[in-house]
Amino acid sequence: MHTVVERELELQLVLSPERSIPVPARLTYRTQDPYAVHITFHIGSDAPVYWTFARDLLVEGVFRPCGHGDVRIWPTKVDGRGIICVALTSPDGNALLEVPSAAVAAWVERTLRVVPPGTESERLGIDEGLAELLAPLPADDLWMSDPWPSDESQDGEQ
């Protein structure tokens, strides 16, 4: 059975040190994709913007700065409130988002209860898939037997 853990929340898109705008978003975690978290940003355009990155990155980012490249996450305080900063980089541009710490930490905790760290690979069904692919089929017996007699002579016959 697959489980989905979702949370709607409002992020702040930082435009400058003095100005930010609210952005509705949805955090999604799916047990059939146990290593990833998905964020859907509803920015008022025809289609939402989707980002996917490692759940471990968000788990670590709740406590300390982490990530490099396209996704960087770090905790901080703004006006006495705990927030998580998420910096996203793409060929289309960069975004700095502020997310309430408590909301993200609670959501991350829910994902960790559903799929504890270190058990993600069990959710992928790799062992079962390989067993199914490698299981012999009745027709395999025909391929395993030699349909042609050997060219080698038996008992010294020529």
Side-chain angles (χ1 to χ4, degrees), residues 1-140:
M1 180 163 110
H2 298 295
T3 302
V4 176
V5 179
E6 291 187 315
R7 170 80 193 242
E8 298 279 340
L9 47 84
E10 187 173 88
L11 314 175
Q12 294 295 318
L13 174 61
V14 178
L15 302 175
S16 71
E18 302 82 28
R19 185 163 179 249
S20 63
I21 58 172
V23 176
R26 175 185 294 132
L27 293 171
T28 304
Y29 179 76
R30 298 178 186 97
T31 57
Q32 71 263 32
D33 189 9
Y35 290 104
V37 295
H38 308 273
I39 302 179
T40 305
F41 301 101
H42 302 283
I43 56 172
S45 62
D46 290 338
V49 174
Y50 300 97
W51 273 79
T52 300
F53 54 87
R55 176 177 74 160
D56 286 347
L57 190 60
L58 191 55
V59 169
E60 186 176 346
V62 168
F63 300 104
R64 66 186 145 271
C66 64
H68 57 289
D70 295 348
V71 180
R72 291 175 290 125
I73 302 173
W74 65 95
T76 191
K77 289 197 179 284
V78 172
D79 298 327
R81 297 178 300 117
I83 61 165
I84 306 288
C85 291
V86 179
L88 304 174
T89 301
S90 80
D92 295 326
N94 303 316
L96 175 60
L97 300 151
E98 294 177 346
V99 189
S101 260
V104 172
W107 181 81
V108 165
E109 178 61 32
R110 287 175 51 209
T111 75
L112 295 173
R113 281 195 303 259
V114 172
V115 178
T119 67
E120 294 91 349
S121 64
E122 298 167 16
R123 299 292 182 143
L124 296 176
I126 292 173
D127 292 336
E128 295 82 6
L130 282 175
E132 184 179 326
L133 283 172
L134 300 175
L137 299 172
D140 290 341

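Residue numbers run from 1 in the order of the sequence given. Both backbone and side-chain heavy atoms feed into the values below; hydrogens, waters and symmetry mates do not.
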side-chain hydrogen bond (donor to acceptor under 3.5 Å, both in side chains) partners of Thr52, counting only residues at least two apart: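 So Thr52 forms a side-chain hydrogen bond (donor to acceptor under 3.5 Å, both in side chains) with His38.
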Contacts of type side-chain hydrogen bond (donor to acceptor under 3.5 Å, both in side chains), residue Glu109, not counting sequence neighbours: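 Testing Glu109 for side-chain hydrogen bond (donor to acceptor under 3.5 Å, both in side chains), a comparison that skips the adjacent residues, returns none.
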[Y] side chain reached by [X] side chain, heavy atoms, under 4.5 Å:
X      : Y      : result
Val115 : Arg55  : yes
Phe41  : Leu88  : yes
Trp51  : Val86  : no
Leu27  : Val37  : no
Pro65  : Pro75  : yes
Leu57  : Val71  : yes
Tyr29  : Val108 : no

Within this structure, what is the [atom1]-[atom2] distance for the pair [X] and [Y], rounded to the nearest 0.5 Å?
X      : Y     : atom1 : atom2 : answer
His2   : Thr31 : NE2   : OG1   : 6.0 Å
Arg113 : Thr3  : CZ    : OG1   : 12.5 Å
Glu120 : Asp33 : CD    : CG    : 11.0 Å
Tyr50  : Arg26 : OH    : CZ    : 8.5 Å
His42  : Glu10 : NE2   : CD    : 12.0 Å
Leu96  : Thr89 : CG    : OG1   : 10.0 Å

task: Could I get the full list of salt bridge (charged side-chain N to carboxylate O under 4.0 Å, His left out) partners for Arg81, not counting sequence neighbours?
output: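 Checked Arg81 against salt bridge (charged side-chain N to carboxylate O under 4.0 Å, His left out); zero matches.
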- prompt: Which pairs with one or both residues in residues 58-80 pass side-chain hydrogen bond (donor to acceptor under 3.5 Å, both in side chains), sequence neighbours excluded?
  reply: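 Those involving residues 58-80 are Glu60-Arg64.
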For Ser101, side chain to side chain contact (heavy atoms under 4.5 Å, CB included) partners two or more places apart: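 Residues passing side chain to side chain contact (heavy atoms under 4.5 Å, CB included) with Ser101: Ile84.
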query: Got a sec, which residues hit side chain to side chain contact (heavy atoms under 4.5 Å, CB included) with Ala103, two or more places apart in sequence or on another chain?
result: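 With sequence neighbours excluded, Ala103 shows a side chain to side chain contact (heavy atoms under 4.5 Å, CB included) to Arg7, Leu9, Pro100, given in chain and number order.
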